[in-house]
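Here is the structure we will look at, set down as structure tokens.
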There are 2 protein chains.
Amino acid sequence: MESNVHKISCPDCRLSDLCLPYGLQQNEVQQLATIVKNKRPMQVDEYLYLQGDACQNLYAVKSGSFRSFIADDNGNEQTIGFYLPGELMGLDALQHSRTTCSIIALETSTVCELPLLRLNELCSQMPSLQNQVMRIMGKGISSDHDKIIMLGHRTAKEKMATFLLMLSRRYAGLGFSSTVFNLTMSRQDIANFLGLSNETVSRLFTELSKDGVITVKQRGIQINNLATLKSIVKPCLPDDQLSFIA
Amino acid sequence: MESNVHKISCPDCRLSDLCLPYGLQQNEVQQLATIVKNKRPMQVDEYLYLQGDACQNLYAVKSGSFRSFIADDNGNEQTIGFYLPGELMGLDALQHSRTTCSIIALETSTVCELPLLRLNELCSQMPSLQNQVMRIMGKGISSDHDKIIMLGHRTAKEKMATFLLMLSRRYAGLGFSSTVFNLTMSRQDIANFLGLSNETVSRLFTELSKDGVITVKQRGIQINNLATLKSIVKPCLPDDQLSFIA
DNA sequence: CGTACAATTGAGAATCCTCAAGAGCAGTGG
DNA sequence: CCACTGCTCTTGAGGATTCTCAATTGTACG
């Protein structure tokens with residue numbers, strides 16, 4: 001049914017309010033659409049790019065989800081973040097035109113490719129787009145700061161609650177349910193992202209289930225008590241500071 | 001002697017190779033200098049800005065050093081980063097023209113103020129400046145990623161070694177010694193930044209001293225064995241991935 | 001239906017934190 | 001000049017959280 005998602009252009013894309021076009025005039029969106037390349041769908045475990053690749057593009061998630069991670073010489077990975085529809089990937093390559101992390105598809109997904117050269121040209125002519133690019137980069141930076149806070153001084157349980165709330169908010173922003181959703185990443189991915197062992201993640205799912213806060217069925221998550229979840233995180237962040245992540 | 005640091009303009013600033021002017025032609029630097037406001041010197045513990053302030057500027061460190069942190073409702077702080085000369089502050093406000101962290105001077109310091117509105121105007125006319133701004137934001141993002149890696153899966157000792165190497169590199173980049181320098185932040189600040197207790201930080205300084213890797217005298221640090229320090233971090237990061245932090 | 005992989009559960013061990021006391025240094029005032 | 005105060009930093013002991021190792025269960029897919 002959604003098999004043609006990758007052919008939809010910016011003006012018709014249901015994400016346009018979340019993605020780069022946000023705040024632009026209709027004719028401006030059309031201009032933006034001319035430089036966007038729609039890529040063919042990607043399969044599970046397919047790489048968008050590899051750490052160290054030359055990269056002169058930004059990529060917007062059109063559908064599906066992705067995981068970004070940095071690997072060291074021994075092959076140990078640290079997951080940096082997860083990307084949902086409307087979010088921008090490739091900001092890490094802005095410094096040296098070379099990616100500093102790898103990005104892999106967690107499910108069948110589609111992306112839009114934005115050549116930086118042409119995006120910059122367009123920015124010069126279109127201040128509103130320039131502002132929007134700046135805003136998005138700012139968002140990327142503050143969500144990274146949120147991650148630093150989460151990793152810095154939180155207990156395993158706080159991290160877990162934070163993670164679930166973050167997903168809840170982002171799905172809500174996409175027009176999906178904020179209390180029922182499927183995890184597209186493995187326990188291992190979550191553990192790695194949160195700086196925990198996967199056993200600890202598993203135990204926490206069990207504990208939160210037993211307390212009735214959530215219901216877990218494989219990768220299916222139902223949040224039964226948002227308030228409790230928030231109260232676990234509460235002491236950590238100003239209430240609106242859960243914007244989070246990319 | 002350096003009492004007039006705050007009056008020096010971009011073309012004459014000894015930092016111009018590190019800061020925004022990097023890679024610009026001489027006449028372009030002069031143009032940039034016209035929009036830069038030199039601020040008066042700041043004292044220890046003076047705030048550059050407070051979390052939540054409206055902010056339409058970027059700030060470059062001209063001399064001294066700063067600490068940025070986010071506080072929650074209970075007043076608990078998480079240090080996000082430290083800023084040395086040539087580094088840019090205020091990127092966190094790009095999203096909503098409002099700062100998401102507070103920044104405080106660790107010592108007597110001076111900063112340059114760059115109004116975003118005028119910077120954007122100038123970027124439209126000067127593609128090389130546009131690129132440079134992008135590069136710097138990309139640098140900010142990848143150094144945040146480095147911090148996420150550091151906080152994610154590292155032992156206290158690895159974090160400590162990473163922290164010292166990061167400072168070493170940045171001081172070296174400024175033309176100072178990479179092995180002898182003074183910490184401008186307290187043990188508490190370091191602990192908070194690394195997600196450790198200050199007791200643990202203290203113990204690690206002692207341990208590294210006993211092993212002869214470093215010599216510590218109050219806030220004075222001497223690295224006696226860079227190789228050992230690197231070997232502590234080694235399993236964690238590709239060798240050149242210590243660019244780090246802002 | 002069997003295999004491969006992911007997730008759960010348990011027990012013991014290690015790291016790091018918390019609490020508490022003591023040491024070192026700077027600044028103040030007698 | 002010296003004691004006093006306040007602060008940061010150091011050091012120690014005990015305890016809690018989380019990790020590691022190992023075994024078991026559960027699920028997907030051929």
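Chain letters run A, B, ... following the sequence lines, proteins first and then strands; every chain starts at 1. Just so we're clear, the structure is a prediction, and the values are computed from it rather than from any experiment. These values consider heavy atoms only, across backbone and side chains, with no hydrogens, waters or symmetry-generated copies.
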Task: Salt bridge flag under 4.0 Å for residues B:R67 and B:E77 - done: yes
Task: Pairing of B:E87 and B:K139 as salt bridge, 4.0 angstrom limit - done: no
Between [atom1] of [X] and [atom2] of [Y], what distance do you get to the nearest 0.5 Å?
{"X": "B:I214", "Y": "B:L208", "atom1": "CD1", "atom2": "CG", "answer": "4.5 Å"}
{"X": "B:L194", "Y": "B:E158", "atom1": "CG", "atom2": "CD", "answer": "12.0 Å"}
{"X": "A:I104", "Y": "A:D45", "atom1": "CD1", "atom2": "CG", "answer": "4.5 Å"}
{"X": "A:F176", "Y": "A:S168", "atom1": "CZ", "atom2": "OG", "answer": "13.5 Å"}

Can you tell me the distance, in whole Å, between the [atom1] atom of [X] and the [atom2] atom of [N]?
{"X": "A:L196", "N": "D:dC19", "atom1": "CG", "atom2": "C1'", "result": "10 Å"}
{"X": "A:K159", "N": "D:dC19", "atom1": "NZ", "atom2": "C1'", "result": "12 Å"}
{"X": "B:K157", "N": "C:dC17", "atom1": "NZ", "atom2": "C1'", "result": "19 Å"}
{"X": "A:Q188", "N": "C:dT8", "atom1": "CD", "atom2": "C1'", "result": "14 Å"}
{"X": "B:N192", "N": "D:dC9", "atom1": "CG", "atom2": "P", "result": "13 Å"}
{"X": "B:E207", "N": "D:dG12", "atom1": "CD", "atom2": "P", "result": "13 Å"}
{"X": "A:R154", "N": "C:dC16", "atom1": "CZ", "atom2": "C1'", "result": "17 Å"}
{"X": "A:L106", "N": "C:dA6", "atom1": "CG", "atom2": "P", "result": "13 Å"}

Open item on the list: For A:T200 and A:S197, which I'm curious about, is there any donor-acceptor pair between the side chains at under 3.5 Å?
Closed with: yes
Open item on the list: Under 4.0 Å, counting only non-hydrogen atoms across every strand here, what does B:S186 touch: a base, just sugar-phosphate, or nothing?
Closed with: sugar-phosphate
TODO: Please tell me which of B:R203 and A:A156 maps to the more 5' nucleotide of DNA chain D, matching each residue to the nucleotide holding its nearest heavy atom.
DONE: B:R203
- [ ] Measure from the side-chain heavy atoms of B:R187 and tell me the nearest of D:dC9, C:dC17, C:dA7.
- [x] D:dC9
- [ ] Check every atom of C:dT9, C:dT8, C:dC17 against the side chain of B:T200 and return the nucleotide holding the closest atom.
- [x] C:dC17
Might you list the N or O atoms of the protein lying below 3.5 Å from N or O atoms in nucleotides 26-30 of chain D, with each pair's distance?
none

Open item on the list: For the helix from C:dC1-D:dG30 to C:dG30-D:dC1, what angle separates the axis at the start from the axis at the finish, each from five pairs, in steps of 10°?
Closed with: 30°
Open item on the list: Check whether B:H145 reaches the backbone of A:D92 with its side chain - one donor and one acceptor, N or O, closer than 3.5 Å.
Closed with: no
Task: Ring-ring centroid check B:F193 B:F82, cutoff 6.0 Å - done: yes
TODO: Please check the phosphate of C:dT9 (OP1 and OP2 only) for any side-chain N or O of A:S202 closer than 4.0 Å.
DONE: no
Task: OP1 or OP2 of D:dT8 under 4.0 Å from side-chain N/O of B:R219 - done: no
- [ ] Might you confirm whether atom CD of B:Q188 has over 12 heavy atoms from other residues, nucleotides or ligands at distances under 6.0 Å?
- [x] no
Task: Heavy-atom donor-acceptor pair, B:E199 side-chain to C:dC19 base, under 3.5 Å - done: yes
